[in-house]
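Take a look at the structure below.
Numbered from 1 within each chain, the chains take letters A, B, ... in sequence-line order.
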Amino acid sequence: MIHNKETIPEQPAPKGTIGPIAWLRSNLFNGPINSLFTLLGLYVLYLLVVPTVQWAFIDADWVGSSREDCSRVGACWVFINARFSQFIYGLYPSEEYWRANIVFAMFFTLIAWMAIPRLPFKRWVAIFALIAFPVVAFVLLYGGYFDLPRVSTNRWGGLMLTLLLASVGMIGALPIGIVLALGRRSSMPIVKSFCIIFIEFWRGVPLITILFMASVMLPLFLPSGMGVDRLVRALIGLTLFQSAYMAEVIRGGLQAIPKGQEEAAAALGMTYWKRMGLIIMPQALKMMIPGIVNTFISLFKDTTLVMIIGLFDLLGIVQAALSDSRWLGFSLEGYVFAAFMFWIFCFSMSRYSQYLERKLNTGHKQ
Amino acid sequence: MTQAATNASDLMVEMHNVNKWFGDFHVLRDIYLEVKRGERIVVCGPSGSGKSTLIRCINHLEEHQKGDITVGGVALTQDVKRIEQIRRSVGMVFQHFNLFPHLSVLENCCIAPMWVQKKPRKEAEALAMEYLERVRIAEQATKYPGQLSGGQQQRVAIARSLCMHPDVMLFDEPTSALDPEMIKEVLDVMVELIHSLGNKAAVDKFVIMGLA
């Protein structure tokens with residue numbers, strides 16, 4: 001056996017195995033067929049990107065006030081500019097925009113506060129966001145108190161309405177989903193069958209049907225004169241619909257936790273709710289972050305369906321603006337704008353979930 | 001046998017005519033077992049003979065269908081409150097450790113004293129460190145279970161049970177999932193534990209049941 005007491009000194013990697021050229025060679029030009037595909041791919045990319053950039057930026061018109069200011073060669077962002085406040089606030093009276101602005105500012109501040117790890121008092125901010133903020137937001141937006149003129153919910157719209165529907169839906173669907181998922185695994189037959197029937201009913205019906213029934217059929221069953229606000233009905237329908245999906249996602253996570261975890265918690269004398277709250281749920285929710293965020297994203301996009309019952313969310317208000325006779329023919333710009341806004345929010349959620357997954361990863365499953 | 005040893009209040013675990021079926025399969029047939037304070041018992045038998053089932057009936061992880069089980073003077077019934085009362089005084093170590101992977105070693109040991117016994121965090125942590133010291137793993141307190149070897153995990157699991165100050169300790173095949181080198185470190189800790197706990201007056205009411 002040969003012994004070498006000295007540590008062998010570090011040597012540079014062989015030429016052509018590191019650096020950008022080597023990367024290109026191994027990833028893009030690895031053999032003649034792959035080189036061909038790379039070139040073909042670049043050509044297709046060129047065909048797609050150049051006209052898009054040309055249309056959306058270079059030939060586009062940005063400033064102006066009417067359709068005459070648009071050359072019609074590229075995109076006419078004048079249309080978006082002119083209608084921007086409507087896209088954000090819907091038909092909310094413009095002299096009351098400041099109220100919506102305060103709510104927007106609080107909303108984004110709270111989200112940022114919860115998302116940025118360095119900021120302190122997370123628990124109090126969360127309590128404020130879940131309990132005080134909804135009340136403050138409602139008083140500000142709806143009015144009727146403190147000399148604020150009342151703005152009925154059928155004037156709410158645009159991005160404001162989309163965010164409202166989405167956040168109420170998410171905050172409602174997660175806890176209801178958790179309870180339903182636990183109930184479906186319960187050993188109590190009544191609880192279990194109630195949860196199964198609930199989940200299977202709401203999952204088996206299209207959301208459009210639910211919204212339509214909530215808006216058209218519900219009033220038939222209610223005593224006359226007792227009207228439930230259309231927005232409230234949409235919120236209830238959306239939340240219950242998504243909570244059924246959420247329940248199944250969370251049940252998947254619960255299924256993946258080994259039985260020994262609950263046994264160990266039980267052997268330590270924990271009650272059912274402590275076993276679930278301290279041991280099982282934290283693990284299941286962590287494991288299910290991708291599924292939960294996936295449900296959140298689909299919920300966010302499903303909010304557009306409220307247009308079926310005459311609520312004007314972001315997409316609805318864009319569509320309404322398209323039928324304005326002064327701005328006929330700008331549907332492409334309108335839809336691109338709406339798509340972009342939705343994409344921003346969904347993409348942020350997706351990135352945040354990836355960050356959470358990394359942060360909560362204690363590695364090493366058992 | 002002294003008079004005190006036969007005193008009924010000294011019996012920590014009593015099983016009288018315990019029967020259990022898994023479906024049609026009659027696993028435990030008329031089990032009669034009495035374990036006194038300070039006694040150490042090892043249950044042996046071929047695989048599938050119901051050793052684990054027997055031990056798991058004591059803290060109601062398995063339900064027996066006939067007969068009476070009394071632990072520390074408390075009769076085991078269907079009543080959830082009673083079951084939880086018994087489980088608080090019975091520690092259990094599992095074959096596959098069953099540490100909580102989302103909690104650090106220290107948190108694994110603190111969570112039950114804090115949430116079940118309502119001890120303040122400081123006290124629970126001091127207690128946990130004391131027992132982690134005793135199983136010789138205190139330096140790993142901030143790590144997560146997934147970062148430890150099997151033998152280390154099992155020693156943490158022992159410390160976690162001891163933090164509840166149980167009257168009875170159940171070891172369900174504590175070393176059968178371990179490599180030979182690790183079996184030794186776990187057994188050493190267990191032997192040491194039995195001696196050190198046995199020497200203390202306050203804990204001589206301690207029962208250890210184990211499966212080899």
Original post:
How many angstroms lie between CZ in B/F94 and CD in A/Q261, if you round to the nearest 0.5 Å?
Top reply: 10.0 Å
Original post:
CH2 of A/W202: more than 12 outside heavy atoms within 6.0 angstrom?
Top reply: yes
**OP:** Flag yes if more than 12 heavy atoms outside A/K301 fall under 6.0 Å of its NZ atom; otherwise flag no.
**Re:** no
Original post:
So with a 6.0 Å cut-off around CZ of A/R351, is the heavy-atom count from everything else above 12?
Top reply: no
Subject >> Distance in Å, B/H102 NE2 paired with A/M287 CE, rounded so as to fall on 0.5 Å steps >> reply: 10.5 Å
Original post:
Does a sphere of radius 6.0 Å around CD1 in A/I344 hold more than 12 heavy atoms from other residues, nucleotides or ligands, not counting ones at 6.0 Å or beyond?
Top reply: yes
**OP:** Kindly give the heavy-atom pair with the smallest separation between A/A264 and B/N98, and that separation in Å.
**Re:** CB-O, 3.5 Å
**OP:** Taking all non-hydrogen atoms of both residues into account, name the closest pair between A/A267 and B/N59 and its distance.
**Re:** CB-ND2, 3.8 Å
Subject >> B/E62 CD to A/E263 CD distance, which is reported to the nearest 0.5 Å >> reply: 7.0 Å
Subject >> Candidate list B/R160, B/R88, B/R87, test side chain to side chain contact (heavy atoms under 4.5 Å, CB included), partner A/L268, passing option >> reply: B/R160
Subject >> From B/F100 atom CZ to A/L278 atom CG, the distance as rounded to the nearest 0.5 Å >> reply: 9.0 Å
**OP:** Taking all non-hydrogen atoms of both residues into account, name the closest pair between A/I279 and B/I111 and its distance.
**Re:** CD1-CD1, 4.0 Å
Subject >> Contact class of B/R56 relative to chain A, heavy atoms under 4.5 angstrom >> reply: side chain
Subject >> Distance-minimising heavy-atom pair for B/E84 and A/M270 >> reply: OE2-O, 4.1 Å
Original post:
What are the two closest non-hydrogen atoms of B/P101 and A/Q283, and how far apart are they?
Top reply: CG-OE1, 3.3 Å
